[in-house]
Protein chains: 2
Amino acid sequence: MRDLTRLKSLQALEASARHGSFVGAAAELDVTPPAVGQLVRSLEDWVGYPLFRRRRSGAERLTPVDEAEDALNDIAEGLDRLETGLRKLRGRKARSVVVVTASQALVANWLLARLDDFSTNYPTIDVRLDVSDRVIDLAQGEADIGIRCGLGAWKGVKSTFLMSEEIIAVCHNRLLKADREVTAGWIVEQTLIHDGTPHPGGNFPTWAEWLAKSGANQVPAERGLKINSTAAVIQAAVAARGVALVRKALVAQELDSGRLVHLLPDVRWPVKWAYYIVAAPKALRRYEVAAFHDWLASRPR
Amino acid sequence: MRDLTRLKSLQALEASARHGSFVGAAAELDVTPPAVGQLVRSLEDWVGYPLFRRRRSGAERLTPVDEAEDALNDIAEGLDRLETGLRKLRGRKARSVVVVTASQALVANWLLARLDDFSTNYPTIDVRLDVSDRVIDLAQGEADIGIRCGLGAWKGVKSTFLMSEEIIAVCHNRLLKADREVTAGWIVEQTLIHDGTPHPGGNFPTWAEWLAKSGANQVPAERGLKINSTAAVIQAAVAARGVALVRKALVAQELDSGRLVHLLPDVRWPVKWAYYIVAAPKALRRYEVAAFHDWLASRPR
DNA sequence: CCGAAAAGAAAGAAAATCTTTGTCGTGAGC
DNA sequence: GCTCACGACAAAGATTTTCTTTCTTTTCGG
């Protein structure tokens with residue numbers, strides 16, 4: 001065992017040989033192609049001769065040299081066995097639990113619709129949702145991992161960008177009139193739903209600001225429905241109580257179903273707040289937390 | 001292959017299980033025991049349960065838990081296969097050459113006597129000696145690796161401390177009289193061999209300085225044999241031409257054989273110059289260079 | 001000739017691995 | 001009962017490996 005070294009390079013070599021390219025190997029190993037190339041070239045330096053014949057085009061870019069073919073069988077077998085061993089180690093724990101925290105709005109409107117996919121991919125990991133609109137202290141272990149909306153620079157946790165956000169105007173399709181075009185003027189006449197939750201540094205617009213940008217001639221009246229819960233704002237819109245300014249990500253499902261309608265889609269208002277996956281470094285050492293993190297990070301939005 | 005991770009930890013786990021201790025595994029893997037412990041504990045975090053039962057004393061400190069026994073077989077087999085594969089990769093190159101540079105004095109008096117051990121351990125690596133008293137540019141590839149005597153802070157190369165040095169007075173045993181005790185006064189009366197090679201910053205003593213430290217009452221005459229080659233100084237001493245101040249490491253063999261005698265051994269003069277193994281980082285990526293380096297670094301002096 | 005695809009070089013960033021230092025908990029020996 | 005030896009462990013920092021990004025180069029194919 002003393003002489004076993006460059007394990008990562010062996011892994012990169014074997015994957016590259018199987019794929020016939022560094023790009024293919026990189027996709028499998030979830031790294032960039034230059035990383036794979038460097039690992040293989042490092043091993044070539046070590047052994048003192050090229051391990052692949054290179055071609056600059058064609059489907060098969062890398063062909064193992066004859067000298068390496070026999071060794072590749074051993075390496076592949078060895079990696080298989082290691083993977084089997086690691087799987088057995090993991091499999092000995094029947095089930096594990098990952099505690100996930102997110103706001104009410106995000107859970108209800110975004111995360112719940114996606115959790116089935118996680119459970120399908122990881123049947124032995126149970127997800128426990130901790131729904132809270134306050135900031136859960138992940139560094140203290142109150143939860144394992146979470147999704148937060150904000151500027152991203154939280155202390156003591158690792159933040160991975162998930163998706164950006166913009167503010168849009170929406171209303172229930174029931175409020176639309178077939179003989180009345182949706183204009184800024186029309187919107188001003190509706191009951192406007194105001195989201196009163198704090199979002200420091202996020203440059204979220206008020207109704208006045210948004211309407212000014214949309215070209216409205218009138219200033220909105222100081223009436224309307226004021227709610228200090230993002231989730232409830234969305235519920236009010238869904239309940240046809242009026243027109244709401246909401247975060248686009250949180251109403252994606254309602255827009256897809258047609259229940260809510262995106263008004264004046266040409267009016268864009270990107271905000272500085274975005275969604276991040278957040279977890280304490282200590283928690284990420286656990287397989288189930290890392291698995292949830294990686295699953296989230298690699299999913300379409 | 002996508003799910004194979006923590007390769008180093010698997011290696012540490014397997015070695016620890018075999019040795020029943022982190023200390024044993026560390027010796028085999030040539031790292032410190034806390035390094036092994038961290039790797040194993042990291043894997044335990046990952047899988048979610050302890051992999052060893054720990055005891056705080058006794059010969060067998062670590063016992064694999066029952067759940068891990070089966071997996072350990074796979075892991076051991078996998079590592080064996082990887083090692084076989086790597087050995088085959090290395091074995092495909094019939095012979096390799098490492099170009100070693102060192103000064104005439106060190107080659108003649110220290111390195112030549114030890115090279116047989118390297119060749120015994122590494123029969124497929126040829127050593128080519130580049131003997132030179134000038135500084136070979138390793139970063140430019142003039143040689144692969146070398147041993148230098150100096151302060152150790154050379155640019156562009158990696159320096160690994162090999163051994164320290166001190167200056168001692170020696171003469172041929174033939175010059176000693178049975179009825180005359182060796183004193184500083186006696187030394188002053190002999191032909192003193194001066195080494196004129198430059199050694200900036202090394203605090204090498206002149207004869208005057210050395211004798212002053214030895215308690216001599218007389219200042220040495222300004223005569224003597226002056227030679228500007230360290231190797232030749234030693235040769236002169238071996239040829240009984242006089243008493244020489246020499247670097248102890250370079251005359252170790254002559255002292256062992258009794259041909260040269262260490263005079264006034266209580267007089268110590270350690271110097272700031274020491275011996276370092278030096279190599280360019282690029283060269284160290286090659287197996288044969290790394291092998292020579294590691295063999296040198298782990299040998300008794 | 002141009003564009004696409006991917007290997008390669010170089011520089012820098014991030015993560016993994018390793019070292020050092022000191023603490024703690026057992027047995028064994030006195 | 002006390003002391004000592006041994007080694008696992010924690011914490012902090014250093015070093016090395018791995019990875020990313022950006023740009024260049026080289027072939028084919030259209």
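Just so we're on the same page: letters track the sequence lines, and every chain starts at 1.
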Inset, instruction - Identify whether the distance between the nearest side-chain nitrogen and carboxylate oxygen of B/Glu44 and B/Arg54 falls below 4.0 Å. - result: yes

Legend entry - Candidate nucleotides D/dC19, C/dT21, D/dT21, ranked by approach to the side chain of A/Pro34 - the nearest: D/dT21

Legend entry - Lys/Arg N to Asp/Glu carboxylate O, B/Glu142 vs B/Arg134, below 4.0 Å: yes

Inset, instruction - Could you tell me the separation between the CD atom of B/Gln38 and the C1' atom of D/dT17, rounded to a whole number of Å? - result: 16 Å

Legend entry - Ion pair check, B/Arg18 and B/Glu28, cut-off under 4.0 Å: yes

Inset, instruction - May I have the distance from B/Arg55 (atom CZ) to C/dA28 (atom P), rounded to whole angstrom? - result: 9 Å

Legend entry - 5′-ward residue of the pair B/Lys158/B/Phe22 relative to DNA chain D: B/Phe22

Legend entry - d(CG, A/Leu39; C1', D/dT17) in whole Å: 9 Å

Inset, instruction - May I ask you to say what B/Thr32 touches in the nucleic acid, namely base, sugar-phosphate or nothing, with a heavy-atom cut-off under 4.0 Å? - result: base

Inset, instruction - Taking only the side-chain nitrogens and oxygens of B/Ser57, find out if one of them lies under 4.0 Å from OP1 or OP2 of C/dT26. - result: no

Legend entry - Lys/Arg N to Asp/Glu carboxylate O, A/Arg268 vs A/Glu166, below 4.0 Å: yes

Inset, instruction - Round to a whole Å and report the spacing from CZ of A/Arg61 to C1' of D/dT26. - result: 9 Å

Legend entry - Under 4.0 angstrom between B/Arg41 side-chain N/O and D/dA10 OP1 or OP2: yes

Inset, instruction - Select from B/Gly37 and A/Ser9 the residue whose nearest nucleotide in DNA chain D is closer to the 5' end of that strand. - result: B/Gly37

Inset, instruction - Round to the nearest Å and state the distance from B/Arg56 atom CZ to C/dT23 atom P. - result: 14 Å

Inset, instruction - Determine: side-chain N/O of A/Lys8 to OP1/OP2 of D/dC19, distance under 4.0 Å, yes or no. - result: yes

Legend entry - A/Arg90 to B/Trp46 - nearest heavy-atom pair and separation: NE-O, 4.0 Å

Inset, instruction - In whole angstrom, give the distance that lies between atom CG of A/Asp45 and atom P of D/dT17. - result: 13 Å

Legend entry - Value in whole Å for how far the P atom of C/dA7 lies from CZ of A/Phe52: 10 Å

Legend entry - Protein-nucleotide distance (A/Leu10, atom CG; D/dT17, atom C1'), rounded to Å: 14 Å

